[in-house]
Amino acid sequence: MEKRRSFIKDLLQSTEVDRDVNVKGWVRTKRGNKQVAFVAVNDGSTINNIQVVIDIANFDENIVKNITTGASVNVNGLLVKSVAQGQNVEIQAKEIEIYGTADPEKYPLQKKRHSLEYLREIAHLRFRTNTFGAVFRIRHAMAFAIHKYFNDKNFYYLHSPIITGSDAEGAGEMFRVSTLDIENPPKGEDGTINFTEDFFGKETNLTVSGQLEAELGATALSNVYTFGPTFRAENSNTPRHLAEFWMIEPEMAFYDIHDNMDLAEDMLKYLIKYALDNCMDDLKFLENRLLEEEKNKPQNEKSEMKLIEKLEFILKGNFERLTYTEAIKVLENSKPAKKGKFQFPVEWGIDLQSEHERYLVEKHYKKPVILVDYPKNIKAFYMKQNDDGKTVRAMDILFPGIGEIIGGSQREEDYDKLSTRIKEMNIPEKDMWWYLETRKFGTVPHSGYGLGFERLMLFVTGMSNIRDVIPFPRTPKNAEF
RNA sequence: UCCUCAGUAGCUCAGUUGGUUAGAGCACCUGACUGUUAAUCAGGGAGUCGUAGGUUCAAGUCCUACCUGAGGAGCCA
C-alpha cells in the first residue's frame with residue numbers, strides 16, 4: 001500500500017503528477033483555517049519544502065493538532081499540480097502518521113528567523129534551519145568535489161595520523177594525548193613526568209598538520225593529498241579560527257613552486273565552479289540571506305558583489321601573483337602607508353599583518369592574490385631556500401574577506417641545507433630522522449600546500465563566522481555537543 | 001591572551017538625569033476566516049533584568065569582580 005519514500009528534491013522537479021507518493025520529513029510551518037491546512041515539509045534533500053494539503057474533515061483532530069513546527073511526519077498522498085501560486089506541485093494528503101511531536105511551547109526553533117549566535121547555542125537543532133541546511137549541503141558538496149578533483153588528477157588520498165609523536169611541525173600549540181593518570185602521573189627521579197609509561201611510550205599529541213607525513217607519501221606515490229581533522233590548542237578567539245578544523249594538504253613530487261601555485265589556483269576555481277554547478281538553490285538562498293542581513297547596514301559596509309556574482313568573478317580572472325618583496329613595495333607606496341594609516345609600519349622582513357593583506361586583496365588588486373618568496377626568517381624550516389640566501393619559496397593565497405586561505409611552499413629537498421636549517425631553528429633533530437631520510441634516499445624537488453576547508457566554506461557560503469560552517473565548532477571554552 | 005561592545009519574556013530588542021505595577025514586535029495558546037505562501041484579524045498567558053557583592057531612602061539603570069557572547073588584534077588554515 002505505502003509507496004516507497006520519495007525525496008522532496010525529486011518530487012519538486014517531477015512533471016509526473018496525479019500519482020501516489022510517500023514523503024517523510026519534518027514540519028516547517030502550518031497555515032490554514034478550519035477546512036484546510038497547508039503544511040510545509042522538509043526532508044533535507046533540498047532547501048525547498050513540499051506543501052502538503054490537508055482537508056481537515058478527513059483527518060483525526062489529534063493528528064492535525066500535533067502537526068506543528070518541528071514534528072516529524074510520514075505522509076501518503078497524491079502528488080498534484082498546485083492550483084495556487086508559490087509551488088508547482090503539492091501533495092493532497094491521504095494518510096499522515098506522526099513519528100514524533102514537537103511541543104510548540106518548548107521547541108526552540110520558530111518559523112521566524114533566528115540569530116546565528118542563538119542557533120550556535122542549539123547546534124543540535126540548527127541543521128533544521130534553511131541556513132544551516134544550505135551550509136551543510138554545500139559542505140558535503142565541497143568535500144566530495146575535493147576528492148573528485150584529486151582523484152581525476154591521479155592523486156592518492158593518504159590518511160595521515162591523527163595522533164603524532166612529533167611536535168616539530170611548528171604549526172602551533174598542540175593538544176596532548178595521554179592515558180596517564182592526570183591526578184598522579186608517574187615521575188622520574190628528577191621530578192619530571194615519565195612519558196615512557198604513557199600509552200605510546202612517549203609524548204604524543206593531536207596532529208597540527210599532516211604535511212610531513214604527506215611528503216613521505218609523495219616521495220613514492222608522486223601525488224598525494226590528505227583531508228582530515230587538524231587540531232590547534234591556540235587561544236584564538238576570532239571568526240576565522242577553530243581548535244578543530246579540517247585541512248586539505250596535497251603534496252606533489254617533481255612540482256616546483258610555480259606548479260604548486262598553478263595547482264592551488266586551479267583547484268580553488270574547480271571547487272567554486274562545482275558549487276555553482278551543483279548547489280545553486282542553496283547559494284541563492286544564502287545570497288538572499290546576506291542581502292537581507294546587509295539591508296540595514298550603511299552603504300560603505302555593504303558587500304560590493306552579491307554572493308553568486310562574487311563566486312563567478314573568481315572564475316573569470318587569474319589570481320594576482322607577486323613576490324613578497326614586490327608586495328612590500330606596493331604597500332610602502334600605498335595611500336594608507338603614506339598617510340600613516342597602517343597600525344603596523346611596513347618594511348621588508350616583517351610578517352604581513354591583516355591590515356596589509358586586506359589592503360592588497362581588497363583595495364589594491366581587488367582579487368585573490370598569491371604572494372611568493374617570503375623572508376626565510378618568518379617561515380618554517382622545511383621551505384626551499386632561494387639562491388639569494390634571504391628568501392624561501394613560500395606561497396600564501398589571500399582571499400577577500402577571508403585572508404590566508406592557502407599556505408604552502410616548495411620543500412627543501414637538499415639534505416645538508418635542510419639539516420642545517422633544522423639546527424639553526426633549534427628543532428629536535430632526533431625526532432626528525434625519518435623526515436630527513438627522504439632527502440638522503442632518492443630525494444626529489446617537491447611542493448605542497450594546506451587549504452583550510454572551513455575557510456573555503458566561508459568564502460563559498462558567504463557566512464562570516466567559521467563556527468557556522470562546521471557542524472560542531474570547537475573553540476576555546478566551547479566543546480558542547 | 002589584549003582592546004571594544006553586549007547580556008531584560010521562548011526569540012529580537014526598547015527601557016530617559018537612579019523614582020509607581022518592567023514594555024514592544026515576533027513566537028506560542030484560544031477564537032474568527034473555503035487555498036495559505038514569514039497567511040491575516042481579535043484576545044490571552046508569559047520575566048530570579050547574566051552571576052555575586054557594593055553604593056543609595058530607592059538599582060534593569062551607578063560601582064567592583066566574575067561568567068557568557070560578539071567584533072577587532074595576535075597566532076594561523
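In what follows, every chain begins at residue 1, and chains take the letters A, B, ... in the order their sequences are listed.
Scanning atom types as modelled, one donor and one acceptor separated by under 3.5 angstrom connect the side chain of A:Q87 and the base of B:U36. Interface remark: the A:E355 side chain does not form any donor-acceptor pair with the B:G74 base, using a distance-only criterion of under 3.5 Å. Judged by distance alone with a 3.5 Å cut-off, a donor-acceptor contact links the side chain of A:H241 to the base of B:C76. Side-chain atoms of A:E90 and base atoms of B:G35 include a donor and an acceptor less than 3.5 Å apart.
Each of B:U36, B:C76, B:C29 was ranked by its minimum atom distance to the side chain of A:P104; first place goes to B:C29. For A:R232, taking side-chain heavy atoms from C-beta onward, the closest of the listed nucleotides B:G71, B:A77, B:C11 is B:A77. Comparing atom distances between the A:T238 side chain and each of B:C75, B:G72, B:A77 picks out B:C75 as nearest. In the set B:U36, B:A70, B:U1, B:A70 carries the atom at the smallest distance from any side-chain atom of A:R467.
Here the closest heavy-atom approach between residue A:I470 and residue A:R139 is recorded as CA-NH1, 3.5 Å. A:T207 approaches A:T164 most closely through the heavy-atom pair CA-CG2, 3.6 Å. Smallest separation of non-hydrogen atoms from A:A327 and A:L371: CB-CD2, 3.6 Å.
With C1' as the reference atom, B:G15 and B:C57 are 23 Å apart, rounded to whole Å. Taking atom P on both B:G31 and B:G19, the two are 42 Å apart, rounded to the nearest angstrom. For B:U68 and B:G50, the C1' atoms lie 7 Å apart once the distance is rounded to whole Å. A distance of about 15 Å separates the P atoms of B:C41 and B:U36, rounded to the whole Å. B:G45 and B:U56 have their C1' atoms separated by 36 Å, given to the nearest Å. Taking atom P in both B:A65 and B:C2, the straight-line distance is 13 Å, to the nearest Å. Here the separation of B:U20 from B:A59, taken at their P atoms, is 12 Å to the nearest Å. Rounded to the nearest Å, the gap between the C1' atom of B:U8 and that of B:A32 is 34 Å.
More than 12 heavy atoms of other residues, nucleotides or ligands sit less than 6.0 Å from atom CG of A:N58. Within a 6.0 Å radius of NZ in A:K284, no more than 12 heavy atoms belonging to other residues, nucleotides or ligands are found. Counted within 6.0 Å of CZ on A:F7, heavy atoms from surrounding residues, nucleotides or ligands total 12 or fewer; the atom is thus considered open. Surrounding NZ of A:K273 are at most 12 heavy atoms belonging to other residues, nucleotides or ligands under 6.0 Å away. Within a 6.0 Å sphere centred on CZ of A:F127, other residues, nucleotides and ligands contribute more than 12 heavy atoms. Heavy-atom neighbours of A:K367 NZ from other residues, nucleotides or ligands within 6.0 Å: above the threshold of 12. Surrounding CD of A:E424 are more than 12 heavy atoms belonging to other residues, nucleotides or ligands, all under 6.0 Å away. For A:F481, the CZ atom sits in a packed shell: over 12 heavy atoms of surrounding residues, nucleotides or ligands are nearer than 6.0 Å.
At least one donor-acceptor pair closer than 3.5 Å links the side chain of A:D259 to the backbone N or O of A:D256.
Taking only side-chain nitrogens and oxygens, A:R113 never comes nearer than 4.0 Å to OP1 or OP2 of B:C26. Contact annotation: A:S236 side-chain N/O to B:C76 OP1/OP2 distance is not under 4.0 Å. Side-chain nitrogen and oxygen atoms of A:R240 include none within less than 4.0 Å of the OP1 or OP2 phosphate oxygen of B:G71. Within the 4.0 Å cut-off from OP1 or OP2 of B:G71, at least one side-chain nitrogen or oxygen of A:N465 is found. Within the 4.0 Å cut-off from OP1 or OP2 of B:G74, at least one side-chain nitrogen or oxygen of A:S354 is found.
Of the two residues near RNA chain B, A:G407 and A:K65, the one whose nearest nucleotide lies more 5' is A:K65.
Within 4.0 Å (heavy atoms only), A:S82 reaches at least one base atom of the nucleic acid. The residue A:G450 sits close only to the backbone: its heavy atoms come under 4.0 Å of sugar-phosphate atoms, none of a base. A:I402 comes within 4.0 angstrom of no nucleic acid atom, judged by non-hydrogen atoms across all strands. Contacts of A:I248 with the nucleic acid, taken as non-hydrogen atoms under 4.0 Å apart, are absent. As judged by a 4.0 angstrom heavy-atom cut-off over every strand, A:Q92 is placed among the base-contacting residues. Residue A:K106 is out of contact with every strand shown, counting any heavy-atom pair closer than 4.0 Å.
The separation between A:Q211 atom CD and B:C76 atom C1' is 14 Å, rounded to whole Å. Between A:F227 atom CZ and B:A77 atom P there is a gap of 16 Å when expressed in whole angstrom units. Between the CD1 atom of A:I56 and the P atom of B:A32 there is a distance of 12 Å, given to the nearest Å. The CD-P distance, from A:Q353 to B:A73, rounds to 10 Å in whole Å. We find that CD1 of A:I350 is positioned 15 Å from P of B:A73, with the value rounded to whole Å. Spacing between atom CD of A:E480 and atom C1' of B:G69 amounts to 15 Å, rounded to whole angstrom units. Atoms CD (A:E121) and P (B:C11) sit 8 Å apart, rounded to a whole Å. The separation between A:N58 atom CG and B:U34 atom C1' is 14 Å, rounded to whole Å.
Just one residue in the list A:Q385, A:E412, A:Q410 forms a side chain to side chain donor-acceptor pair (under 3.5 Å) with A:R393, and that residue is A:Q410.
Aromatic pair A:H147/A:Y225: centroids less than 6.0 angstrom apart.
Stacking annotation: A:F245 is stacked on the base of B:A77 (ring centroids less than 5.5 angstrom apart, interplanar angle below 30 degrees).
Residues of residues 33-42 of chain A having a heavy atom closer than 4.0 Å to RNA chain B, listed by number: A:N33, A:K34, A:Q35, A:F38.
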Pairwise N/O distances under 3.5 Å, protein to nucleotides 3-10 of chain B:
{"residue": "B:G10", "atom": "N2", "partner": "A:Q110", "partner atom": "OE1", "Å": "3.4"}
{"residue": "B:G10", "atom": "N2", "partner": "A:Q110", "partner atom": "NE2", "Å": "2.6"}
{"residue": "B:G10", "atom": "N3", "partner": "A:Q110", "partner atom": "NE2", "Å": "3.2"}

Based on Watson-Crick and G-U pairs with both distances under 3.5 Å, what dot-bracket line describes RNA chain B 5' to 3', crossing pairs as [ ] and inter-strand pairs as |? (((((((..((((.....[...)))).(((((.......))))).....(((((..]....))))))))))))....

